[in-house]
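One structure below.
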Amino acid sequence: MYALVDCNNFYASCERLFRPGLNLRPVVVLSNNDGCIIARSNEAKQLGLVMGDPYFKKKAFLRQHGVEVFSSNYALYGDLSNRVMTVLQQLEPEVEIYSIDEAFVRLPAQSGRSSVEQGLEIKKRVDRWVGIPVSVGIGTTKTLAKLAATIAKKDERHNGVFCLDDSPGQENILSAIQVNKVWGVGKRSTQKLNSRGIYTALDLQQSDNRWIRKILGLSCERTVMELRGQPSIPLEETPPCRKSVVSSRSFRKPVRELAALKEAVSSYISIAANKLRKQGLVAANLHVFLATSRFRTDIPRFSGSRMAVLPQPTASTSPLIKAGMRELILLYREGYPYNKAGIMLTGLSRAALRQQNLFLPAESKRDRQLMAAVDQINERWGRDALRYASSGLRREWSMKQSRKSPAYTTSWAELPIVR
DNA sequence: TCTGGGGTCCTAGGACCC
DNA sequence: TCTGGGGTCCTAGGACCC
């Protein structure tokens with residue numbers, strides 16, 4: 001059996017962990033730049049707040065209902081996520097970390113306990129050792145486990161653990177689930193399925209899989225097989241090598257000048273290059289992109305991207321910035337109020353196995369040492385302690401985060417004090 | 001005034017190879 | 001009159017996920 005362990009309202013639960021006074025209060029967490037609501041406690045859900053609601057539209061409502069609002073604090077969420085995953089890995093031999101707040105776990109058959117008992121044990125242990133509430137869904141495939149988890153979360157009779165096995169009642173349960181709730185079935189596929197008379201998870205399970213493949217492709221055919229209890233999406237314990245690294249942000253307010261865009265793009269490149277080095281990778285290509293607001297139809301709009309092929313694969317910040325600046329200048333059009341810029345690194349390979357350029361000198365040892373020194377200093381003193389001048393000093397474009405909680409667990413200066 | 005960020009996989013079509 | 005067959009690689013766009 002597979003279990004999906006899913007942290008309940010993860011970001012909101014993280015914020016509550018160090019503010020237990022908020023435990024029965026409505027809490028929401030905002031996306032970067034304090035843009036949208038991306039996490040809600042159950043109380044906030046009950047107030048009718050929706051995932052993706054723009055903050056500025058709900059500000060008054062939130063104040064009126066005494067909702068506690070947080071900017072996102074990824075240092076905190078990342079650290080608590082690691083703790084949850086560590087507990088799972090101590091408890092079970094096979095764990096796939098699926099996202100920041102979810103993991104698939106294989107439940108061993110010969111444990112002498114039912115799978116629901118094992119699920120309850122997992123839930124109890126995470127609660128006790130980390131303090132984050134989780135739901136556990138169990139099934140013979142990952143897709144069924146995901147589905148079971150939505151039931152575990154919604155229906156309080158199950159104490160947060162639900163098993164969707166092949167018992168006779170399964171059909172009733174599947175027939176009560178809308179097809180768009182199935183993992184892998186999104187908005188577009190739902191439209192196509194609905195127009196062909198398929199509305200529920202049961203309808204999909206009973207469709208002809210060849211026919212589904214013709215209409216919706218291979219991925220959806222796999223989903224059908226999985227709904228029938230036939231594993232078609234394997235557990236991936238060791239994550240495959242990353243294929244791209246992205247760094248992008250919305251600006252605090254629209255930016256028109258090239259100079260400010262250069263600072264932003266330099267900063268994003270610095271962040272991404274550091275990520276590359278941390279994982280022992282190098283990139284062969286750098287993409288730069290630039291866009292005005294998607295939501296303003298009353299002003300001129302522009303969105304575009306350019307790619308540079310680097311002279312040789314690298315993880316050094318300066319050649320990446322050099323290439324990025326060149327592409328940005330070519331991409332930039334004067335007179336637009338840009339609201340977002342970003343970069344993407346692709347063509348990744350392991351630094352140790354990189355393909356050298358026959359006609360260029362290999363990257364020097366000095367260069368590597370410089371990067372290692374920069375990373376070390378920034379690890380110790382914070383991301384921006386030492387940075388390239390091209391990424392700017394005043395950074396008026398930098399994102400808004402007006403309601404951020406302390407980095408309780410990852411910064412000595414911000415440790416909570418117990419009296 | 002104000003609407004996030006970071007990923008993956010699949011498919012079709014074009015370019016190219018022998 | 002008539003113009004093969006079997007491949008690979010790359011890219012862009014679509015769809016999906018959290």
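Please read all numbers here as calculations on a predicted model, not as lab measurements. Throughout, protein chains are lettered first and strands after them, A, B, ... in sequence-line order, and every chain is numbered starting at 1.
- One finds a salt bridge joining A:Arg157 and A:Asp155 here, because a Lys/Arg side-chain nitrogen approaches an Asp/Glu carboxylate oxygen to under 4.0 Å.
- Heavy atoms of A:Arg252 sit nowhere under 4.0 angstrom from any nucleic acid atom.
- Using a 3.5 Å distance cut-off with no hydrogens or angles, the side chains of A:Glu15 and A:Tyr77 do pair a donor with an acceptor.
- Side chain of A:Ile38, nearest nucleotide from C:dC18, B:dG4, B:dC2: B:dG4.
- When heavy atoms are screened at a 4.0 angstrom cut-off, A:Asn33 is found touching no nucleic acid atom at all.
- Across all strands, A:Asp101 comes closer than 4.0 Å only to sugar-phosphate atoms, never to a base (heavy-atom distances).
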message: Under the criterion ring-ring contact (aromatic ring centres under 6.0 Å, His included), I'd like the reasoning laid out for A:Phe104 against A:Trp183: C-alpha separation, chi angles, the key distance, then a yes or no.
response: CA-CA 13 Å; A:Phe104 289 102; A:Trp183 187 39; 5.5 Å; yes
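- For residues 48-84 of chain A, proximity to DNA chain B is found at A:Pro54, A:Phe56, A:Lys57, defined as any non-hydrogen atom under 4.0 angstrom from a strand atom.
- The side chain of A:Arg242 has B:dT8 as its nearest neighbour among C:dC18, B:dG4, B:dT8.
- For the P atoms, the distance linking B:dT3 with C:dC18 amounts to 25 Å, nearest Å.
- Taking only side-chain atoms of A:Val245, from C-beta outward, the nucleotide of B:dG7, B:dT11, B:dG6 with the closest atom is B:dG7.
- DNA chain C is contacted by A:Val182, A:Trp183, A:Gly184, A:Val185, A:Gly186, A:Lys187, A:Arg188, A:Ser189 of residues 179-198 of chain A, taking any non-hydrogen atom closer than 4.0 Å.
- Between the CD atom of A:Glu96 and the P atom of C:dC17 there is a distance of 15 Å, given to the nearest Å.
- Among B:dT3, B:dC9, B:dC2, the nucleotide with an atom closest to any side-chain atom of A:Asn339 is B:dT3.
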task: Map every base of DNA chain B to its dot-bracket character, where paired means a Watson-Crick or G-U wobble contact with both distances under 3.5 Å and | marks a partner outside the strand.
output: ....||||||||||||||
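- Sparse packing is recorded around CD of A:Glu334, with 12 or fewer heavy atoms of other residues, nucleotides or ligands lying under 6.0 Å away.
- No donor-acceptor contact under 3.5 angstrom links the side chains of A:Lys123 and A:Asn159, judged on distance only.
- A donor-acceptor pair under 3.5 Å is formed between the side chain of A:Asp208 and the backbone N or O of A:Trp211.
- To the nearest 0.5 angstrom, A:Lys58 atom NZ is 6.5 Å from A:Leu49 atom CG.
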